[in-house]
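A short write-up of the structure that comes next.
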Amino acid sequence: MIEKPSISIKNYNKSYSNNNLFLDLNLDFKKGEFVCILGPNGCGKTTLLKSIGGLISHEGLIRMQSSNISYVSQDPNEMILPWLDINANLIFPLKKEQADLSLLSELLEITQLNDYKSNYPYQLSGGMAQILLVARSLMNKSDIILLDEPFKSLDFEMSRRIQKMILKLWQSYKPTMIMVSHSVEEAISLADKIIVLSQKPASIKKVIEINLSRSRNPNSSDFLKIKKAILNEFFN
């Protein structure tokens with residue numbers, strides 16, 4: 001029996017002011033896979049992600065197996081609830097009795113938010129607010145997690161910490177994860193599959209399967225070979 005895709009996109013079209021971003025895009029995401037979307041600036045990566053999350057209108061069909069979705073925006077102010085403290089923001093929209101307290105404790109420790117859990121979002125830096133959004137998507141154990149450049153405002157050390165936490169929880173309960181990134185190395189480090197989009201109107205230029213073990217060395221010959229293949233897509 002063929003398993004239905006977790007997300008199926010058929011004849012997807014999106015335009016702004018007669019400027020076509022996508023024309024008849026067709027794309028499927030398997031249940032439990034980790035996919036990264038790369039592409040040139042302005043090709044519509046964030047727009048596609050928001051369409052999948054149901055945040056903006058579009059033409060065509062996007063069908064999902066689950067409505068349990070978390071979206072991590074580039075702008076934390078779009079998603080964080082300013083009237084709730086950090087602890088309550090992490091648990092939202094779960095009820096307190098539904099929360100996995102051991103996971104909550106682990107997330108607070110890993111993200112270094114433990115000392116701020118009684119604070120409010122306005123007391124966080126932009127980077128820490130972004131960490132809060134990523135942690136909340138993991139806390140909710142969503143079936144589908146959409147990540148829009150989640151490490152953009154983080155320093156290298158914290159970015160690596162959160163990446164490891166994402167991978168750990170993804171391996172534990174296997175949500176379908178779709179991440180937009182501008183970093184080729186970041187994409188190869190995390191993804192099962194990388195989708196490279198063309199200039200707008202965007203189409204799928206290349207799909208690259210990442211058949212590497214999870215302990216990925218960015219200096220290994222296999223890693224560098226994949227990196228070179230992806231960069232070639234950008235410059236050809």
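Numbers here are sequence positions counted from 1. All heavy atoms count here, side chains included; hydrogens, waters and symmetry mates do not.
With salt bridges taken as basic N to acidic carboxylate O contacts below 4.0 Å, none links Glu59 and Lys14.
If you take OG on Ser15 and CG on Asn20, they are separated by 5.5 Å, rounding to the nearest 0.5 Å. Atom-to-atom distance recorded for Ser8:OG and Leu61:CG is 6.5 Å, nearest 0.5 angstrom. Between the CG atom in Leu21 and the SG atom in Cys43 there is a gap of 8.5 Å [rounded to 0.5 Å]. Distance check, rounded to the nearest 0.5 Å: CG of Asn211 to NZ of Lys193 gives 11.0 Å. The structure places CD1 of Ile144 at 10.0 Å from NZ of Lys31, a figure rounded to the nearest 0.5 Å. From Ser183, atom OG reaches atom NZ of Lys152 across 13.0 Å, with rounding to the nearest 0.5 Å.
A donor-acceptor pair is defined here as one N or O able to donate and one able to accept, closer than 3.5 Å; such a pair exists between the side chain of Asn13 and the backbone of Asp24. At distances below 3.5 Å, at least one donor-acceptor pair connects side-chain atoms of Lys45 with backbone N or O atoms of Pro40. Of the possible donor and acceptor atoms, none in the side chain of Ser70 sits under 3.5 Å from a partner among the backbone N and O of Ser142. Not a single donor-acceptor pair under 3.5 Å links the side chain of Asn11 to the backbone N or O of Leu25. Between the side chain of Ser66 and the backbone N or O of Asn68, at least one donor-acceptor pair lies under 3.5 Å. In this structure, Thr176 contributes its side chain and Gly32 its backbone to a donor-acceptor pair below 3.5 Å. The backbone N or O of Glu233 lies less than 3.5 Å from a partner atom in the side chain of Lys205, making a donor-acceptor pair.
For the pair Ile9/Asp28, no side-chain contact is recorded, criterion being any heavy-atom separation below 4.5 Å from C-beta on. Side-chain contact between Ile188 and Ile194 is present, with heavy atoms from C-beta onward closer than 4.5 Å. Counting only heavy atoms from C-beta outward, the side chains of Asp192 and Val35 never approach each other to under 4.5 Å. Contact annotation: the side chain of Met165 approaches that of Leu138 to within less than 4.5 Å [non-hydrogen atoms, C-beta and beyond]. Proximity of Tyr12 to Asn26: side-chain heavy atoms (C-beta onward) are nowhere separated by under 4.5 Å. Considering only heavy atoms from C-beta on, Glu186 comes within 4.5 Å of Gln163 through its side chain.
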Exercise for review: Give the intermediate values and the outcome of side chain to side chain contact (heavy atoms under 4.5 Å, CB included) for residues Leu49 and Met179.
Suggested key: CA-CA 8 Å; Leu49 206 67; Met179 183 178 78; over 6 Å; no
Check your understanding: Can Tyr71 and Lys50 be said to form a side chain to side chain contact (heavy atoms under 4.5 Å, CB included), step by step?
Key -> CA-CA 8 Å; Tyr71 180 86; Lys50 285 185 174 181; 3.2 Å; yes
Point to revise | Candidate pair Val196 and Val207, rule side chain to side chain contact (heavy atoms under 4.5 Å, CB included), full reasoning | key: CA-CA 6 Å; Val196 182; Val207 176; over 6 Å; no
Exercise for review: Evaluate the criterion side chain to side chain contact (heavy atoms under 4.5 Å, CB included) for residue pair Leu27 and Ile204; output intermediate values, then yes/no.
Suggested key: CA-CA 9 Å; Leu27 184 60; Ile204 299 171; 3.5 Å; yes
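Taking all atoms of both residues into account, the shortest heavy-atom contact from Asn140 to Ile91 is OD1-O, 3.5 Å. Looking at every heavy atom in both residues, Ile110 comes nearest to Arg161 through O-NH1, 3.4 Å. Taking both residues in full, the closest heavy atoms of Met139 and Ala99 are given as CE-CB, 3.8 Å, listed atom of the first, atom of the second, then distance. Across all non-hydrogen atoms, the minimal contact from Lys174 to Gln171 is CE-CA, 4.1 Å. Closest heavy-atom contact between Pro121 and Ile80: CG-CG2, 3.2 Å. Minimum interatomic distance between Arg214 and Leu190 (heavy atoms only, all atoms of both residues): NH1-O, 2.7 Å.
Residue pairs that meet the side-chain hydrogen bond (donor to acceptor under 3.5 Å, both in side chains) test with at least one member in residues 107-136, sequence neighbours left out, are Asn89-Arg136.
Under the 4.5 Å side-chain contact rule for hydrophobic residues, Leu55 and Ile62 share a cluster. When the side chains of ILVMFWY residues are joined at heavy-atom separations under 4.5 Å, either directly or via intervening members, Leu84 and Ile131 end up in two distinct hydrophobic clusters. Residues Ile208 and Leu231 share a hydrophobic cluster, clusters being chains of Ile/Leu/Val/Met/Phe/Trp/Tyr side chains in contact below 4.5 Å. Under the 4.5 Å side-chain contact rule for hydrophobic residues, Ile52 and Tyr16 share a cluster. Both Leu124 and Met158 are members of a single hydrophobic cluster when ILVMFWY side chains are connected at heavy-atom separations under 4.5 Å.
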Would you tabulate the side-chain donor-acceptor contacts of residues 100-108 under 3.5 Å, counting partners in other chains and residues two or more places apart, or write 'none'?
from: Asp100; atom 1: OD1; to: Ser102; atom 2: N; distance (Å): 3.2
from: Asp100; atom 1: OD1; to: Ser102; atom 2: OG; distance (Å): 2.7
from: Asp100; atom 1: OD1; to: Leu103; atom 2: N; distance (Å): 3.1
from: Asp100; atom 1: OD2; to: Lys141; atom 2: NZ; distance (Å): 3.2
from: Glu106; atom 1: OE2; to: Lys168; atom 2: NZ; distance (Å): 2.5

Donor-acceptor list for residues 219-228 side chains, cut-off 3.5 Å, not counting sequence neighbours:
from: Ser220; atom 1: OG; to: Asn217; atom 2: O; distance (Å): 2.9
from: Ser220; atom 1: OG; to: Phe223; atom 2: N; distance (Å): 3.2
from: Lys227; atom 1: NZ; to: Glu185; atom 2: OE2; distance (Å): 3.0

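With a 6.0 Å radius and a threshold of 12 heavy atoms from other residues, nucleotides or ligands, Lys164 has its NZ atom at or below the threshold. Atom NZ of Lys206 has 12 or fewer heavy atoms from other residues, nucleotides or ligands within 6.0 Å.
In this model, no donor atom of one side chain and acceptor atom of the other lie less than 3.5 Å apart for Asp148 and Ser73. With no hydrogens or angles considered, no side-chain donor-acceptor pair links Ser6 and Gln65 at under 3.5 Å.
Note on ring orientation: taking the six-membered ring where Trp is involved, the planes of Phe34 and Trp170 are perpendicular (angle over 60°, cut-offs 30° and 60°).
Evaluated for a side-chain contact (heavy atoms from CB on, under 4.5 Å) with Ile178, the options Ile145, Leu48, Leu146, Leu147 yield exactly one hit, Leu146.
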